[in-house]
Amino acid sequence: MTAVSQWLTIDWLLLLLGCWLLIGALGVLALNRLELVARWLFPAGGCCGLVLFLLALAALPAAPEVAVLPVGLPSLPFHLRLDALSAYFLMVIGAASAGISAFAAGYFRQGEGTPPGLLCLEYHVFLASMAGVVLADDAYAFMVMWETMALSSFFLVTANHRIAEVRSAGYLYITMARIGAIAILLCFGVLQANTGDYRFANMRAQELTPFWASAGFLLALFGFGAKAGVLPLHVWLPEAHPAAPSPVSALMSGVMLNTAIYGLLRVSFDLLPMQQWWWGGLLLAVGLATSLYGVVFAASQTDMKRLLAYSSIENMGLLFVGLGLTLIFAAFDMAPTAALALTATLYHVASHACFKSLLFLGTGSVLHATSERNLGHLGGLIRTMPWVAWLMLLGVLASAGLPPLGGFVSEWLLLQSFLFTPDLPLPLLTMLIPVVAALIALVAALAGYTMVKFFGVIFLGQPREEKLAHAHEAGWWERAGMLWLALGCLALGLLPMQFIQLIDPVTQQLVQAGLGERNAANGWLLAPVSMDQASYGPVIFLLGILGSFVLAFLLVRLLYHGRIRRAPPWACGFPWGNARMQDTAEGFGQPIRQIFEPFFRMQRELPTPFDKQPRYSIKLEDHFWHWLYLPLADLAAYLARLIGLMQQGRIAVYLLYSFLTLTATLLVVM
């Protein structure tokens, strides 16, 4: 570690990472006593996350700090760096992990397939490795942390490994992670430019040609895109997230996916010596396709966790769109507008971490209370689980991009950045990008549609199963974790000017411009460019909503004397309605399936007039499985069978293989 007279922030951060690892080790030493692990160790991990959040918050405006650890290879120890970019992502990791760990203290009391002590170790190694990824300042340290993150999350995904579907999802996830890691490693090989020095400081000093810079960017896009789940590398995400325990799903979706955004930002704006406009155009195309594909599939799902997994794909697509706009503006030296697009992207990183983690935790509470993930078997849970319902309502509103919550601010800023594309000097972009903006608006509308279906089918209406009447409320630890994340959604929505001030050091570092000073003079009104063009006052909006509610309440009390007439919900006043008459998850998704039918590979089973009992089923499949992944799997199996012919089981044949290999090697060398 760097020898200094007083401890630096990076030293305290390393101490926190060590505390996470120590907590994991104590979990193993606890001899799998579930109460001890849940009551003490997971809350302690949450406290470490809270301290990490505060330390990173303090480090955002500070000068960069570096450290060298006496571990690693003999000639390549671990180099670490804490700058504004890494501090921002550490802040997000710390804030989200604090709430998720508090929830896990109550959730894992129920037990999982993996022994609780081992689960505690894997969980806290996962947290420490994610923080290590954003602190790494050389390729070796980065890849060690990246692979540790992938392996620990693989073991968490397969916690219920006795179930075949869970094992299959875990293998798919780790396979995609390996493929992405190879691309990232090759990217670092390009960026070091044959110098043999894999420190990020050396990569920043290289003057790459446009060809090699583009090669490095494309490799980074493939590698980090595989981790983010963008098309066509998305197939692991809707399989792994439902298979994992709910706190792990929350960490993976709300936190781990953001490390891919961090990696792409680090490579594109920090390590590469240039930005080219077509890089941004490619990111725009990939992000738009991913977001539209994800939201259409999310709107058609009947499984709670698969719906949220596809929603994560949609949000990763929006982040890639924001990165694409930032690259385009930066390539044309439009620093202020690049700062606006980058601010929108970073804002959505924090907002998505809060609301998606909250929604996954809520589904975990519903799953424990009802043992159901199928939306068709749920309904009316707002009566028996009011805490979970109202907290999840905040997450749903934020995910739908409605004011005055954080999801609206980030999407509004993103759409504001599209308004400046007519200033681009390339006519092709000025013609195409407004179309992209219109499609992004469509994605936002479909996301709202999906969230109405998600919340309405689970919590509103009448219970669709008799056992739902016995569903129990979440425990206090679970409520505390969800409340922390719900407050994050609310704070991001009501305090956008203050949060943009926090983002400013990051945009100044990456694109040499920011929005902070411009918005500081506007008080409580957010104006990304000027008050004449657009402004938004979240507190004023909230007060308007509350005032309208109070006015409506008073009018009802005065004009109708407060009379209340109770009727079955979702029955439109029909007195004999029951749960079978109310809308279902399949019914909500039917218009989307009809309009976007080419997106799906559908198998329908429809009733006929001659059926003795009604029957209806529909199965949706992803075209990419049949277009890309199944042919690749068949090819791999075929090649494996060919190579298997070499296994004769005779030592003489194996010695012949060795002799031929050595002979060929000598001929090549000579």
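Residues: numbered from 1 along the sequence shown. Just so it is clear, the model here is predicted, and its values are computed rather than measured.
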* For the residue pair F624 and W627, does the interplanar ring angle fall in the parallel (under 30°), tilted (30 to 60°) or perpendicular (over 60°) class? -> perpendicular
* Exam field: side chain T148 to backbone V144, donor-acceptor pair closer than 3.5 Å -> yes
* Using a distance-only test with no angle check, is there a side-chain donor-acceptor pair under 3.5 angstrom linking S312 and S253? -> yes
* **Steps toward side chain to side chain contact (heavy atoms under 4.5 Å, CB included) verdict (L14, L80)** => CA-CA 10 Å; L14 289 172; L80 305 178; 3.3 Å; yes
* **With sequence neighbours excluded, residues passing side-chain hydrogen bond (donor to acceptor under 3.5 Å, both in side chains) with Q508** => none
Quick one: side chains of residues 89-98, donor-acceptor pairs under 3.5 Å with protein atoms, not counting sequence neighbours, listed by atom name and distance.
from	atom 1	to	atom 2	distance (Å)
S97	OG	I93	O	2.8
S97	OG	G94	O	3.1

* Taking S291 for its side chain and G317 for its backbone only, find out whether a donor-acceptor pair lies under 3.5 Å. => no
* Asked: Is a donor on one side and an acceptor on the other found under 3.5 Å between the side chain of Q192 and the backbone of M203?
  -> no
Throw together a table of side-chain donor-acceptor distances under 3.5 angstrom for residues 277-288, partners on residues two or more places apart or in other chains.
from	atom 1	to	atom 2	distance (Å)
W278	NE1	Q276	OE1	3.1
W279	NE1	S214	OG	3.3

* Asked: Which heavy atom in A400 sits nearest to a heavy atom in G448, and how many Å separate them?
  -> CB-CA, 3.7 Å
* Can you name the nearest heavy-atom pair linking I100 to S357, along with the distance? -> CD1-OG, 3.7 Å
* To do: With rounding to the nearest 0.5 Å, note down the distance linking CG in L490 to SG in C354.
  => 10.5 Å
* Can you sort out the partners of Q275 under side-chain hydrogen bond (donor to acceptor under 3.5 Å, both in side chains), two or more places apart, ordered by chain and number? => none
* To do: With sequence neighbours excluded, tell me which residues meet ring-ring contact (aromatic ring centres under 6.0 Å, His included) with F222.
  => none
* **With L54 via side-chain contact (heavy atoms from CB on, under 4.5 Å) - residues at least two apart** => none
* Asked: Nearest heavy-atom pair of P404 and L542: which atoms, and what distance?
  -> CG-CD1, 3.9 Å
* To do: Determine the sole option in T290, L264, N258 for which the side chain to side chain contact (heavy atoms under 4.5 Å, CB included) test with L319 is passed.
  => N258
* ring pair (Phe, Tyr, Trp, His ring centres under 6.0 Å) between Y173 and F154, worked out -> CA-CA 7 Å; Y173 165 59; F154 163 73; 7.3 Å; no
* Going through the checks in order, is the side chain to side chain contact (heavy atoms under 4.5 Å, CB included) test met by L628 and H623? -> CA-CA 8 Å; L628 180 61; H623 282 301; over 6 Å; no
* Who pairs with L394 by side-chain contact (heavy atoms from CB on, under 4.5 Å), at least two apart in sequence or on another chain? -> L405, A486
* Structure fact -> Taken to the nearest 0.5 Å, the spacing of T343 OG1 from L413 CG works out to 7.5 Å
* Asked: Tell me the salt bridge (Lys or Arg N to Asp or Glu O under 4.0 Å) pairs involving residues 272-294, sequence neighbours left out?
  -> none
* **Nearest-0.5 Å distance, NZ of residue K227 to CE of residue M176** => 10.5 Å
* Give a yes or no answer on whether the side chain of Y88 reaches the backbone of L346 with a donor-acceptor pair at less than 3.5 Å. => yes
* Tell me, do R178 and T175 make a side-chain contact under 4.5 Å, heavy atoms counted? -> no
* **M334 CE to L340 CG distance, which is reported to the nearest 0.5 Å** => 10.5 Å
* Which pairs count as ring-ring contact (aromatic ring centres under 6.0 Å, His included) when at least one residue sits in residues 178-208, sequence neighbours excluded? -> F142-F188, F188-F200
* Give me the ring orientation class for F360 and H241: parallel if the planes are under 30° apart, tilted from 30 to 60°, perpendicular past 60°. => tilted
* If a pair satisfies salt bridge (Lys or Arg N to Asp or Glu O under 4.0 Å) and one of its residues is in residues 126-137, list it, with sequence neighbours excluded. => D137-R204
* Asked: Quick one: ring-ring contact (aromatic ring centres under 6.0 Å, His included) partners of F269, sequence neighbours excluded?
  -> none
* To do: Indicate whether any N or O donor in one side chain lies under 3.5 Å from an N or O acceptor in the other, for K356 and S399.
  => no
* **Any side-chain donor near an acceptor of the partner, D622 and H234, under 3.5 Å** => yes
* **L492 vs F499 side-chain heavy atoms within contact, under 4.5 Å** => yes
* Please examine the side chains of W412 and V409, heavy atoms only from C-beta on, and report whether any two atoms are closer than 4.5 Å. => no
* Asked: Which atom names give the shortest non-hydrogen contact between V443 and V295, and what distance separates them?
  -> O-CG2, 3.9 Å
* Asked: Is the closest side-chain heavy-atom distance between L85 and D270 below 4.5 Å?
  -> no
* Search all heavy atoms of W236 against all heavy atoms of G229 and return the closest pair with its distance. => NE1-CA, 4.2 Å
* For D83, side-chain hydrogen bond (donor to acceptor under 3.5 Å, both in side chains) partners two or more places apart -> R81, S86, R266, Q509
* Asked: For T450 and Y310, what are the C-alpha separation, side-chain angles and deciding distance, and is it a side-chain hydrogen bond (donor to acceptor under 3.5 Å, both in side chains)?
  -> CA-CA 11 Å; T450 302; Y310 276 111; over 6 Å; no
* Can you tell me how far the CG atom of L257 sits from the CG atom of L237, to the nearest 0.5 Å? -> 5.5 Å
* **T345 side chain vs A341 backbone, donor-acceptor pair below 3.5 Å** => yes
* Validation row: L515, T507 side chains within 4.5 angstrom (heavy atoms) -> no
* State whether the side chain of H79 and the backbone N or O of P77 hold a donor-acceptor pair below 3.5 Å, judged by distance alone. => yes
* Asked: To the nearest 0.5 Å, how far apart are CG in L510 and OG in S268?
  -> 9.5 Å
* Structure fact -> Nearest heavy-atom contact between T9 and E65 is N-OE1, 3.2 Å
* Might you work through the ring pair (Phe, Tyr, Trp, His ring centres under 6.0 Å) test for W146 and F224, ending with a clear yes or no? => CA-CA 11 Å; W146 189 265; F224 293 117; 5.4 Å; yes
* Answer whether the closest heavy-atom distance between the side chains of L397 and F355 falls below 4.5 Å. => no
* For residues L191 and L208, determine if any side-chain heavy atom of one lies less than 4.5 Å from a side-chain heavy atom of the other. => yes
* Can you find a pair of side-chain heavy atoms, one from L414 and one from L325, that are under 4.5 Å apart? -> yes
* Under the 3.5 angstrom rule, does the side chain of S153 hit a backbone N or O of M149 as a donor-acceptor pair? -> yes
